[in-house]
Asks: 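Dropping a structure here in structure tokens format, bear with me for questions.
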Amino acid sequence: MSGQPVLMDQDGGGDDFLAAALLLTMDHVETIGIVVTPGDCYIEPAVSVTRKLLDLMDRPDIPVAKSTVRGLNPFPGAWRSLSFAVDHLPVLNDSDTIRTPLVPESGQAFMARVLREAPEPVTVLETGPLTTVAAALEIAPDIEGKIKEIVWMGGALNVPGNVAEPGHDGSAEWNVYWDPFAARRIWETSIPIVLCPLDITNRVPVTTELVRQLGRQRRYPLSDFAAHCYAMVVKESYFFWDVLTAAYVGRPDLFTLREWETVIVTEGPGQGRTRVEPGGRKIMAMDQVDIEAFYAYILEQWAR
Ligand code: RIB
Ligand code: CA
């Protein structure tokens, strides 16, 4: 392989597409596929956006697969609807046809197969719930040894969560809450986990200034795409959740990590919480990031 193999699984949020758009700019990375999990999206437009984005980046050779898993706690409809709007952005719609194919097998079967066939361990970049990874492990338990590490946007360790649902205590982050049992399943493996929790993403907001800077360089298709995606959400509290997670794959030197022992809460009002608990599963979490260098990095990477 020509670079570090990375398999991405994303759940179709605006920032998921942009995380993919960042990953594909990384010279040292060989993206071996993109799976779309039906989490923070409606699946048809989310798959469509992913394929059109690969067309835009002239990478129709990268397979896209549609996961058929289901979560316990659906994302809010208003968040999921963004996938329809993004699918209609002008920069993605110069052509009536999509070159990048959708593989015929399910996303979880595709994941199991490509990991099994990979000649070396693969980094899994996960920007949605862990359900598809758990389903792939169910299909092919032997792939555990083929995953070098999972870099996951998920969890809230020492800050409140972002779930505001009736009966919930607010301690969970959405990617865990969508399917806490899948997260617990991954916690039971020995796969190294690098977490990008709300603790760090809360410090990296999508700012008006950054969106305007992207807009000013919209002669570049990726900046045009990013500026439009962010323009639709900048009025909300929106953070670089998935894009920050992807940036770790490209520029780990911008981050410091810290080890924590954690458990996944699967029941009760704290369902989906990632609780710090001595004796729990060891994970590494992104702890500090050079925020200005991160902003400069994405502006540079998307100037194409
Ligand atoms: O909690 C933020 C996460 O939920 C992000 O990955 C966003 O895209 C949604 O999936
Ligand atoms: Ca996501």
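In listed order, ligands and their atoms are each counted from 1. Nothing fancy with the numbering, it's 1 onward along the sequence. Predicted model, so just to flag it, every value in this text is computed and none were measured.
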Asks: Of all the heavy-atom pairs spanning L92 and K52, show the shortest one and how long it is.
Replies: O-CD, 3.5 Å
Asks: Tell me if the CZ atom of R113 is crowded by more than 12 foreign heavy atoms within 6.0 Å.
Replies: yes
Asks: Kindly give the heavy-atom pair with the smallest separation between C196 and L244, and that separation in Å.
Replies: SG-CD2, 4.0 Å
Asks: For ligand 1, is there an atom lying under 4.0 Å from some heavy atom of F75?
Replies: yes
Asks: Is ligand 1 under 4.0 Å from a heavy atom in the side chain of N162, in the backbone, in both, or in neither?
Replies: side chain
Asks: Strictly under 3.0 Å, is the Ca ion (ligand 2) approached by any N, O or S atom of D242?
Replies: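 True for D242.
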Asks: Relative to the heavy atoms of D15, which atoms of ligand 1 are at a distance of less than 4.0 Å?
Replies: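 Near D15, the atoms of ligand 1 are 5 (C), 7 (C), 8 (O).
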Asks: Identify which one of W241, F75, F239 satisfies the ring pair (Phe, Tyr, Trp, His ring centres under 6.0 Å) criterion when paired with W174.
Replies: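 Going through the options one by one, the only one that passes is F75.
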Asks: Salt bridge check: are R184 and D179 linked by an N-O gap of less than 4.0 Å?
Replies: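 Salt bridge between R184 and D179, a charged N being under 4.0 Å from a carboxylate O: no.
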Asks: Looking only at protein heavy atoms, which one is nearest to atom 5 (C) of ligand 1, and how far off is it?
Replies: D242 OD1, 3.3 Å
Asks: May I ask you to establish whether R251 and Y297 are in a cation-pi arrangement, using a distance under 6.0 Å from NZ or CZ to the six-membered ring centre and at most 45° from the ring axis?
Replies: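 Cation-pi check for R251 and Y297: passes.
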Asks: I'd like to know if R273 pairs up with D169 as an ion pair, taking the criterion as any Lys NZ or Arg NE/NH1/NH2 lying under 4.0 Å from an Asp or Glu carboxylate oxygen.
Replies: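 Salt bridge: no.
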Asks: State the atoms of ligand 1, each with its element, that fall below the 4.0 Å cut-off from a heavy-atom position in E173.
Replies: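 Going through ligand 1 atom by atom, the ones under 4.0 Å from E173 are 1 (O), 2 (C), 3 (C), 4 (O).
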Asks: Using 3.0 Å as a strict upper limit, say whether an N, O or S atom of D40 approaches the Ca ion (ligand 2) that closely.
Replies: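 It does not; every qualifying atom lies at 3.0 Å or beyond.
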Asks: Tell me whether Q10 has at least one N, O or S atom under 3.0 Å from the Ca ion (ligand 2).
Replies: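 So Q10 does not bind the Ca ion (ligand 2) by this criterion.
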Asks: Salt bridge or not for R80 and D40, using N-O below 4.0 Å?
Replies: no
Asks: Would W241 count as a polar contact of ligand 1, with the cut-off being nitrogen or oxygen pairs under 3.5 Å?
Replies: no
Asks: Looking only at protein heavy atoms, identify the closest one to atom 9 (C) of ligand 1 and say how far it is in Å.
Replies: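 Atom 9 (C) of ligand 1 sits closest to the protein heavy atom D40 OD2, 3.4 Å.
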Asks: What are the two closest heavy atoms between T127 and N175, and how far apart are they?
Replies: O-ND2, 3.5 Å
Asks: Restricting to N, O or S atoms, which atom of D11 is closest to the Ca ion (ligand 2)?
Replies: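 Checking each N, O and S atom of D11, the shortest distance to the Ca ion (ligand 2) belongs to OD1.
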Asks: Would you mind listing which atoms of ligand 1 come within a distance below 4.0 Å of any non-hydrogen atom of D11?
Replies: 10 (O)
Asks: With heavy-atom distances below 4.0 Å as the criterion, list the atoms of ligand 1 near M153.
Replies: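 Counting atoms of ligand 1 from 1, those under 4.0 Å from M153 are 2 (C), 3 (C), 5 (C), 6 (O).
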Asks: Nearest non-hydrogen atom to atom 4 (O) of ligand 1 belongs to which of V243, L198, N175, T201?
Replies: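 It is N175 whose heavy atom sits nearest to atom 4 (O) of ligand 1.
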